[in-house]
Amino acid sequence: MPIKRSAALPLNIIRQRARIRVASYGGTATNLYVQDAIYRGGEVLQPKRADIVVPRDSVIVFADDEPTKNWGHRCRYLFHDPKTGELIQELPALLPPTFDFGARFELFQQASTVSAASRSQYPLLYLPPWLYLESASSWYAIFYSGASMNRHVNDIEFLYRILVNLYRVPAANITVLSFDGTLDYNDAFWQKVPPPVGNWPGDNTPYQMKINGSGTKEELLAAIAAVGEKLGPHDNLFLHTNNHGNTVNGVSTLISYSGDDTTQSDLSDAIQALPKFASFMVMMEQCFSGGFIQPIINASPASCTSVATAVDANTSSNGGPEYDPFALAWITAMAWANPDGSSVSPTADTNVDDRVSAAEAFVYAKANDTGPDDNPQYAENAPCGGAANFGGIRRPIFIPPLYRYLFPWQILPDPPPEQVEKFAIQLGKQLKSKSFRQVIAASIEDERNSLTKIVRTALSKGKARRPSHR
C-alpha cells in the first residue's frame, strides 16, 4: 500500500508527462489513471501474479493500453518522482496494480471505452417440459468468474438460463462461483457497481442464477470435488470459466477474486481425481486459456472430453460492452437464439439432428466471434469428445415486441425455474391419477347436460312459434 496521500504532489505535471509519454509510443487507445499517493520503494504489486517492484518512492500512473480486453493484457506502470513529477522508470506489465484500481486511481485520460448496442427484444416462450417425452438432463455444471465485470456475469447468466430453461438441467445441479459470492461486479473503469445490481440486459428481467460461492481457487477446487461425489458413469459435467487469466513463466492461470490463482496443474489435479463419467465439456473465455487445453484432456477420466477456449496460451481475449465475444457466440450456438431472444440463422446444428454438439458449438463460435484479437482453440479426445451435447432442443417460440404484452407471462414476473419444475411434476401426477380423470369426466358430463338443456329449450321455443297450416 502507498505510504500516504498528499495534496502537495505535482499531479498536473505528472499527468502532462504521462500524456506525452503515451503519445510518444503511439498509445492512441490508452486510458491513464493516477493515484494521489506515494508508493514506497521496494513494494511489490500483484505478488505471485506479476511481482511488479516499485523502484523507489514514486507516484504511479497506470497506463491501460488495451482497455477493451480481459486481463491480462498489455499495460504499463509509469513511476514519477513525488517532488518534481519527472518520469523515473517505466515497466511493461500484463496486470493492473489491483483488481479494484478504479476505486483507488483517478481516470484522467479516456481514449477507449465500450458502449452497449441498442436492439429490439423478442421475448422467448419455452413450452413446459412435461409436454416432452425426454427425461430430465443428467448434466452437472460449474460456472466460475473471479474478479468479475458486468460482461462476465452476463455470460454466466445466459448460460444458466439456457441450461435450466432450455435443456432442463436442474438448478440444484449448477454451481455458480463469482466475484465475492454475490451478483456484484466491477464496471468498465474497475469501480464496484453499487448494489443492488440491475436486470440482465438480454431481456431486461432480474438475474435468475443463484451465486453459490466466491470466485476463488479454493471454492473452484472444492466445487469440482463436490460434484465428483455425485457423478455416476452415465452422468455429464460442463465447466465454464470466465473473467480474467494470466501467464506466469509460460504457465496459464485463472485469476481469483482473492487468494492464489488457479494454475493448470491445480485444475488438472482436481479433474484427475474425479470418478469415471460419460462426458466432460469445457468452455473457457479468459486470457491465455489455451494453456489449459492439453492438461485437461490428459487429466479427464470422462469417456468423452472436449475443451474450447477463446484464445491460445499466449494471447489476451477480447471483451465487449455486455458480453465476451467468444463466450457470447458459443452460448448463442447452444441457445439457438441471441440473448435478446431474436433467432439466429443459420443455426449451429449443421447435421440437422436438433442437437448442438460441443464441436458444432465451437465451429459456430469461431465463425461468429467478433473479438478482433481472439483466436479460438479446440481439442477433443477421439472418437466422441466433440459429440457431447446437452440434449434435444425444445424449440422456443419468439414473441414479437408489439405482441408481448398480450401474454400474461410477459407482464407478470416469471416464476423461478424450481417452481416451474415442481408444478410440472405435480401436474404430471394429477394427469395420471384416477381422481383427476373423475373430475374431468364429471365436468364434461355437467357441460353435456347443460348443453342438452339449452338445445331442448331452443327446440321447444321453436315449436311454439311454428305457424299452424290449414
Side-chain angles (χ1 to χ4, degrees), residues 69-73 94 141-146 152 155 159 217 220-221 223-224 236-256 261-274 277-318 324-331 333-334 348 356-369 371 373-389:
K69 290 187 177 182
N70 291 313
W71 294 106
H73 62 242
L94 290 174
I142 298 172
F143 302 155
Y144 176 91
S145 178
H152 309 124
D155 292 344
L159 263 176
K217 168 184 170 180
L220 174 59
L221 301 185
I224 295 173
N236 311 284
L237 176 61
F238 173 56
L239 172 64
H240 170 61
T241 60
N242 210 302
N243 168 54
H244 305 285
N246 191 24
T247 178
V248 181
N249 298 323
V251 175
S252 298
T253 65
L254 181 59
I255 287 176
S256 294
D261 295 338
T262 305
T263 66
Q264 297 168 190
S265 59
D266 290 332
L267 189 59
S268 60
D269 287 347
I271 291 169
Q272 192 170 27
L274 293 172
F277 58 104
S279 297
F280 187 29
M281 190 189 305
V282 182
M283 188 267 281
M284 296 181 144
E285 167 59 41
Q286 77 275 7
C287 299
F288 313 110
S289 49
F292 284 89
I293 293 178
Q294 205 54 51
I296 290 175
I297 294 287
N298 294 342
S300 174
S303 301
C304 307
T305 301
S306 67
V307 186
T309 65
V311 290
D312 61 29
N314 303 300
T315 305
S316 302
S317 63
N318 287 111
D324 290 285
F326 174 76
L328 175 61
W330 193 96
I331 303 166
M334 288 295 185
V356 176
S357 67
E360 287 175 324
F362 174 78
V363 170
Y364 180 94
K366 185 174 182 178
N368 292 276
D369 182 354
D373 301 304
D374 285 350
N375 59 348
Q377 306 291 308
Y378 177 80
E380 63 182 62
N381 65 343
C384 64
N389 59 80

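Quick caveat, the model's predicted, so the values are computed rather than measured.
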[X] versus [Y]: any side-chain heavy-atom pair under 4.5 Å?
X      : Y      : answer
Leu254 : Leu267 : no
Phe292 : Val282 : no
Ile142 : Leu239 : yes
Met283 : Phe238 : yes
Leu159 : Trp330 : yes
Leu274 : Leu237 : yes
His152 : His244 : yes
Phe362 : Glu380 : no

Using only atom types and a distance under 3.5 Å, with no angle test, would you say the side chain of [X] pairs donor to acceptor with the backbone of [Y]?
X      : Y      : result
Asn70  : Cys287 : no
Asn381 : Thr305 : yes
Ser256 : Lys217 : yes
Ser316 : Gly72  : yes
Asn236 : Ser279 : yes
Ser300 : Ile297 : no
Asp369 : Gly371 : yes
Ser289 : Gln286 : yes
Thr241 : Tyr144 : no
Gln377 : Gly290 : no

For [X] against [Y], the heavy-atom pair lying closest together:
X      : Y      : value
Asn389 : Ser357 : CB-CA, 3.9 Å
Leu221 : Asp266 : CD2-O, 3.7 Å
Ser252 : Gly291 : OG-CA, 3.4 Å
Val311 : Asn375 : CA-OD1, 3.1 Å
Trp71  : Leu94  : CE3-O, 3.1 Å
Ile224 : Ile271 : CG2-N, 4.5 Å

To the nearest 0.5 Å, what is the distance between [atom1] ([X]) and [atom2] ([Y])?
X      : Y      : atom1 : atom2 : value
Met284 : Ile296 : CE    : CD1   : 4.0 Å
Asn318 : Glu285 : CG    : CD    : 8.5 Å
Asn243 : Ser145 : CG    : OG    : 4.0 Å
Ile331 : Phe326 : CD1   : CZ    : 9.5 Å

Exercise. Determine the interplanar angle of the Phe277 and Phe280 rings, folded into 0 to 90°, and report it as parallel if under 30°, tilted if 30 to 60°, perpendicular if over 60°.
Key: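 Geometry flag for Phe280 against Phe277: perpendicular rings.
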Quiz prompt | Between Asp261 and Asn246, a side-chain donor and acceptor under 3.5 Å | solution =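 Note: Asp261 and Asn246 side chains miss the donor-acceptor criterion.
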